Amino acid sequence: MSLPRVVEIDRSGTPAEDFVELTYDGRMMRRKRVRSASGTVFLVDLPETASLRDGEAFVLPDGTRIAVRAAQEQLLRIVGADLIRIAWHIGNRHCPCQIEAGYLLIRNDPVIAAMVRQIGGQVSPFRSTFDPEGGAYGHGRTLPHAH
């Protein structure tokens with residue numbers, strides 16, 4: 001038996017019949033077998049790798065829409081008097097960072113946490129969805145590059 005094949009992502013935010021809950025890493029895909037909350041199994045087979053956002057949806061061949069929900073993840077919440085400087089250092093290390101009013105969120109990384117503390121930031125565990133800033137050129141992700 002072949003699986004329904006998804007080749008299209010609906011980015012309109014229109015309500016869907018079902019959902020899948022995916023972490024930040026899980027929302028980056030091109031080809032993957034996926035199971036929805038209700039048990040529907042399908043194959044994502046996109047023409048290129050896509051960064052999926054909360055509220056977007058997979059469109060099955062029969063028109064069924066399965067929404068993407070961002071899963072809760074263990075993150076680090078960063079605060080400090082010089083948050084702009086801290087954000088610059090995080091970005092300089094190509095570390096995905098979600099920028100909020102008064103704080104930053106990063107993945108749980110002890111090396112980055114130590115660096116942040118060293119430059120005056122306060123770091124605490126924080127559980128939330130993770131939707132960091134994308135790249136400066138319209139890409140959904142900031143990916144590392146060689147220097």
Side-chain angles (χ1 to χ4, degrees), residues 6-60 63-147:
V6 170
V7 296
E8 176 187 355
I9 303 297
D10 179 358
R11 300 185 187 277
S12 72
T14 303
E17 294 83 7
D18 198 356
F19 71 93
V20 295
E21 193 170 75
L22 302 167
T23 64
Y24 173 67
D25 286 338
R27 294 192 313 269
M28 178 76 128
M29 68 174 68
R30 190 191 84 67
R31 186 172 166 84
K32 185 176 184 179
R33 183 179 185 268
V34 178
R35 178 183 303 270
S36 74
S38 71
T40 300
V41 178
F42 56 97
L43 176 66
V44 175
D45 190 13
L46 302 172
E48 58 189 31
T49 302
S51 179
L52 305 167
R53 298 187 69 122
D54 188 78
E56 296 177 340
F58 298 108
V59 181
L60 275 59
T64 300
R65 300 175 68 265
I66 299 179
V68 173
R69 287 191 188 166
Q72 296 274 315
E73 301 184 54
Q74 189 58 49
L75 305 171
L76 296 176
R77 184 176 187 270
I78 299 167
V79 297
D82 199 353
L83 210 50
I84 293 171
R85 181 171 169 257
I86 294 168
W88 183 89
H89 280 281
I90 289 170
N92 191 47
R93 281 147 186 88
H94 303 280
C95 180
C97 181
Q98 183 173 330
I99 301 169
E100 298 294 341
Y103 64 95
L104 306 172
L105 292 176
I106 63 169
R107 289 197 257 184
N108 192 351
D109 182 325
V111 173
I112 299 297
M115 178 212 54
V116 167
R117 287 183 186 103
Q118 186 175 6
I119 59 176
Q122 293 87 48
V123 180
S124 59
F126 193 78
R127 189 150 180 84
S128 180
T129 59
F130 190 50
D131 188 23
E133 291 293 313
Y137 301 103
H139 305 292
R141 303 270 174 142
T142 300
L143 301 173
H145 63 268
H147 286 275

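Side-chain atoms are counted along with the backbone in the values below, which use heavy atoms only and exclude waters and symmetry mates. All of these numbers come straight from a predicted model, not from anything done at the bench.
Using a 4.5 Å heavy-atom threshold, the side chains of Val34 and Ile66 count as separate. The side-chain heavy atoms of Thr40 and Thr64, taken from C-beta on, include no pair separated by under 4.5 Å. Side-chain atoms of Thr49 and Met28, non-hydrogen and from C-beta on, do get closer than 4.5 Å to each other. Side-chain contact between Asp45 and Arg30 is present, with heavy atoms from C-beta onward closer than 4.5 Å. Val68 has its side chain out of reach of Phe19: every pair of non-hydrogen atoms, C-beta onward, lies at least 4.5 Å apart.
Checking side-chain atoms of Arg33 against main-chain N and O of Val41 turns up no donor-acceptor pair under 3.5 Å. Panel note: side chain Arg65, backbone Glu17; no donor-acceptor pair is recorded below 3.5 Å.
Applying the side-chain contact (heavy atoms from CB on, under 4.5 Å) criterion to Asp54, with sequence neighbours excluded, gives Arg69, Ala70.
Between the side chains of Ser12 and Asp10, at least one donor N or O sits under 3.5 Å from an acceptor N or O.
With rounding to the nearest 0.5 angstrom, the CD1 atom of Ile112 is 12.5 Å from the CD1 atom of Ile86. Residue Ile106 holds its CD1 atom at 9.0 Å from CG of Leu75, rounded to the nearest 0.5 Å. In this structure, CD1 on Ile99 lies 8.5 Å from CG on Leu83, to the nearest 0.5 angstrom. Rounding to the nearest 0.5 angstrom, the gap separating the CG atom in Leu76 from the CZ atom in Arg107 is 11.5 Å.
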With a cut-off of 3.5 Å and sequence neighbours excluded, list every side-chain donor-acceptor pair involving residues 122-132.
| unit_1 | atom_1 | unit_2 | atom_2 | d |
| --- | --- | --- | --- | --- |
| Gln122 | NE2 | Gly120 | O | 3.1 |
| Asp131 | OD1 | Arg53 | NH2 | 3.3 |
| Asp131 | OD2 | Arg53 | NH2 | 2.5 |

